[in-house]
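Single-structure report; data block below.
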Amino acid sequence: MAATGISHLVFPFIFLLSLCTSASQHLNVKLYIVYMGDVPSPDYSQTAATASHVLLLHPVLGSHEAAHESLVHSYWKSFNGFAAWLSSSHVQHLSSTEGVVSVFKSKKAQLLTSRSWDFVGLPLSQQTNYLEYQSDVIVGVLDSGVWPESESFDDAGLGPIPSKWRGLCETTPDFKACNKKLIGARFYYRGFTSPLPAGEFLSPRDSDGHGTHTASTVAGSIVRNASLFGLAQGNVRGGVPGARIAMYKACWSLSCSDVDLLAAFDDAIYDGVDVISVSIGYSTGGFLPPPDYFEDSIAIGAFHAMKRGILTSNSACNDALEGSVCNFSPWSLTVAASTIDRQFKSELTLENQMSFEGHAINTFIMEQPWYPLVYGGDAANVSGGFSSEDSSGCGLYSLDPSIVEGKIVVCYLSSPGDLPDGGVYVSGGAGAIIMYDPMNDTAFSFMVPATVISRKQGEVVRSYINSTRSPIASIAKSVAGNDSPAPITASFSSKGPSKITPDLLKPDITAPGVDILAAWSKVAPMSIDPLDKRVVDFNIISGTSMSCPHATGAAAYVKSFHPDWSPAAIKSALMTTALDATLDGNEAAELGYGAGQINPLKAINPGLVYDTDANSYINMLCSQGYNETSLRLLTGEFISCSSKLSKQGVWELNYPSIMVISNASEPFLAQFPRTVTNVGPAKSTYEVKIDAPFGMNVTVEPDTLTFTSSNQKMSYNVKIESQVIPDNYALLSGALTWSFGNYSVRSPILVYYDVKQ
Ligand SMILES: *[C@@H]1O[C@H](CO)[C@@H](O)[C@H](O)[C@H]1NC(C)=O
Ligand SMILES: *[C@@H]1O[C@H](CO)[C@@H](O)[C@H](O)[C@H]1NC(C)=O
Ligand SMILES: *[C@@H]1O[C@H](CO)[C@@H](O)[C@H](O)[C@H]1NC(C)=O
Ligand SMILES: *[C@@H]1O[C@H](CO)[C@@H](O)[C@H](O)[C@H]1NC(C)=O
Ligand SMILES: *[C@@H]1O[C@H](CO)[C@@H](O)[C@H](O)[C@H]1NC(C)=O
Ligand SMILES: *[C@@H]1O[C@H](CO)[C@@H](O)[C@H](O)[C@H]1NC(C)=O
Ligand SMILES: *[C@@H]1O[C@H](CO)[C@@H](O)[C@H](O)[C@H]1NC(C)=O
Ligand SMILES: *[C@@H]1O[C@H](CO)[C@@H](O)[C@H](O)[C@H]1NC(C)=O
């Protein structure tokens, strides 16, 4: 049970915005999405859409007026459907109505730097040499809004807005204008029925920090010598500093409703963005079944974006566990988070000369060299009814100020949600030493001077407290070390396989998502705690929310060199050139990092790509049991499913990775037909190199591909036969690589056995 809370409870600042259920307006009616697939005609209009949606609702609700009243929003620009207040009997009725693909309750999803671009091999010089290529690229970011005055959105040096842009900038009294960097900004709040929480701006302005951080990571301008109180100092910029940003604010107070996310996708696709970044996910904790593809607004939006040639890059979620990956639709890029070589350390020193290398983003320089030390369990707010056990975690109000005031308090972080710094802060403590073992790869911010050490180290500190009459200690301001082994999949990053299509390897790729410096909202507390009054222009935070915009930036970088490449080609280029992240510490292997860490510079020249079109995804869906009627609505074309209910349909998808999932009861033979398109030198001969997973025979036919022209396609077949059957759980990794000169086109192979499945 403990693991479920990791993303939001224990450390609410692992970032990913997420979707929950809306409150009902009337008794028994709830907000639903009625999704109807592709737009019926290219000249579909808002008037036509609304009229047809009311017409559809009329017989269900009994009258034209009731139909009008229940309709909340019509989608018509990029796909067809609407949001409406409905009861369960209305839903039943509508589900069997012709033209409807799915009806689902509006859920709410959660929102889930200086060094990171250098770490992935994209130095500032390579970004700035090609700024003019980037100026036509528009990145759509669905998030919590943006702080437009941030230096990261300065438009100095940018040319006119690309003529293809047809979006808009919604101005309000607190959001005056966009510029040539931030070319679009809109906000959506129809999915919210309760009043907006205090401090929210009813405008595209970001009160949270999340959207400002992600947007600046994708395409922020270059800001020289940025830092967080001197930490992580460097040239902060996005992956494509010359590209344009359009912000679609669909998230409020860390949550985003389906109604608004779909409206944001509907607009973004129509407005003319080139890539969409979504650091948002339905976190299921790895236990609950995730929504089906066509009950998942992000998968729906990404599908229609793909059909219009737009790649959606989205976060893999922060639920740590195997099987907890979210946003795994085959037509989107699913991004895990990994570390970079920088780690923030804040040293704890005891007066007896012992010291401990704690990890934290501790920006405080303590006024005195030493402070008295006390254990939280020895400082309970007894008059308030708190026991020593309660106060050992230093939770809010659990400490007695007359004991802890002016002291450093030692706290166990045990129960989810009990952030110890709040308790120490309100009772006047000078600092906190937090004992916590999980997630020691990630540094967090606290609103008092604090560092995080292991429980084992904590016991040493406690016995020191016992051993002396007046124990004293000091906590140093953090320093950054640049020597940690990396990239390693972040402990919090959700792992595959996906619960809906386990035979498709997800996540696809990994990118830096740990301790990332980027722009911040001026009204958002630095440590997320509302009591924290530190105002910062740049903040350091972690999450798959931070890795996703790195991958989006890399995708936009590739797009700037190859404006005509399909979403699948861009994804393939990123995956086949990724840095193989096989490093010690990556226990979940490819289930953690997919093809490996993004390598943008290589991705612009991949040699070969695995291209895929909408029909191939449709064929795959046929094999997953989706019926022809629904699929016809998705594509607007007649669909005849040739492969029905089989793994083959997934294996046949022309995907840049290969996965077999087996329950190990018997040997298997799996075949993967693949087609590559030559985007490198016209005349080229690629040879295959196979690194077979342990105990597998892998054969590739043919094993040489000779191209004579650009964009030529050639096919081959991969056969995987199991020889040895492990008797329990096993992850067997391998790879298939096509090489020609400097070109190396690598696909990971993962065979996953789990007899318990
Ligand atoms: C297709 O699926 C929908 C929803 O599951 C169902 O209502 C419909 O009857 C199905 N159609 C066919 C032809 O099986
Ligand atoms: C860079 O920023 C740091 C910290 O804010 C400051 O001390 C330093 O003077 C700045 N350096 C330059 C060259 O501006
Ligand atoms: C002690 O507990 C009481 C009761 O919960 C609370 O009202 C009071 O604020 C607490 N004191 C401190 C300093 O947290
Ligand atoms: C995190 O904890 C593990 C297990 O206790 C340990 O092996 C590892 O060295 C720790 N990593 C860091 C960065 O402290
Ligand atoms: C410190 O002393 C307390 C009792 O005074 C005891 O319960 C605790 O186990 C001791 N802790 C250590 C680490 O020695
Ligand atoms: C295990 O695999 C065998 C052979 O493919 C299959 O018949 C059986 O249904 C599978 N069992 C489970 C629980 O998936
Ligand atoms: C795997 O390959 C080896 C050597 O080519 C062969 O002897 C063996 O029979 C093969 N096993 C399977 C299961 O195909
Ligand atoms: C291969 O890479 C090397 C080193 O990066 C470079 O000097 C050489 O020109 C490249 N060759 C080709 C054919 O691209």
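As a basis for the values below, the full set of heavy atoms in this structure was taken, side chains included, without hydrogen atoms, waters or symmetry mates. Bear in mind that the values here come from a model prediction, so they are computed numbers and not experimental data. Counting convention: from 1, in listed order, for ligands and their atoms alike.
Shown in contact with N381 at under 4.0 Å from a heavy atom are these atoms of ligand 3, numbered in order with element: 1 (C), 2 (O), 3 (C), 8 (C), 10 (C), 11 (N), 12 (C), 14 (O). Applying the 4.0 Å criterion to heavy atoms of F386 picks out, from ligand 3, the atoms 2 (O), 5 (O). Under a 4.0 Å criterion applied to the non-hydrogen atoms of G384, ligand 3 contributes the atoms 1 (C), 2 (O), 3 (C), 4 (C), 5 (O). Residue P401 has at least one heavy-atom neighbour below 4.0 Å for each of these atoms of ligand 3: 13 (C).
At a cut-off of 3.5 Å, with distance as the only test, a side-chain donor of N225 or Q233 sits close to an acceptor on the other residue. Side chains of S398 and D390: a donor-acceptor N/O pair is absent below 3.5 angstrom, by distance only. Side-chain polar atoms of D206 and T212 form a donor-acceptor pair below 3.5 angstrom.
Shortest non-hydrogen contact noted between P497 and L591 is N-CD2, 3.7 Å. Here the closest heavy-atom approach between residue D208 and residue W520 is recorded as O-CZ2, 3.6 Å. Taking every heavy atom of both residues into account, A518 and H213 meet most closely at N-NE2, 3.3 Å.
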Tabulating one pair per line, provide the atom names and distances (0.1 Å) for every N/O atom of ligand 2 that is less than 3.5 Å from a protein N/O atom.
{"from": "ligand 2", "atom 1": "2 (O)", "to": "N225", "atom 2": "OD1", "distance (Å)": "3.3"}
{"from": "ligand 2", "atom 1": "2 (O)", "to": "N225", "atom 2": "ND2", "distance (Å)": "2.5"}
{"from": "ligand 2", "atom 1": "2 (O)", "to": "Q233", "atom 2": "NE2", "distance (Å)": "3.4"}
{"from": "ligand 2", "atom 1": "11 (N)", "to": "N225", "atom 2": "ND2", "distance (Å)": "2.7"}
{"from": "ligand 2", "atom 1": "14 (O)", "to": "N225", "atom 2": "ND2", "distance (Å)": "3.0"}

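Using a 4.5 Å cut-off on side-chain heavy atoms (C-beta onward), T442 and V514 make contact.
For ligand 4, the polar-atom distance check against Q343 finds no nitrogen or oxygen pair separated by under 3.5 Å.
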What side-chain donor-acceptor pairs closer than 3.5 Å can you find for residues 399-411, not counting sequence neighbours?
{"from": "D400", "atom 1": "OD1", "to": "S402", "atom 2": "N", "distance (Å)": "2.9"}
{"from": "D400", "atom 1": "OD1", "to": "S402", "atom 2": "OG", "distance (Å)": "2.9"}
{"from": "D400", "atom 1": "OD2", "to": "S402", "atom 2": "OG", "distance (Å)": "3.3"}
{"from": "K407", "atom 1": "NZ", "to": "I403", "atom 2": "O", "distance (Å)": "2.7"}

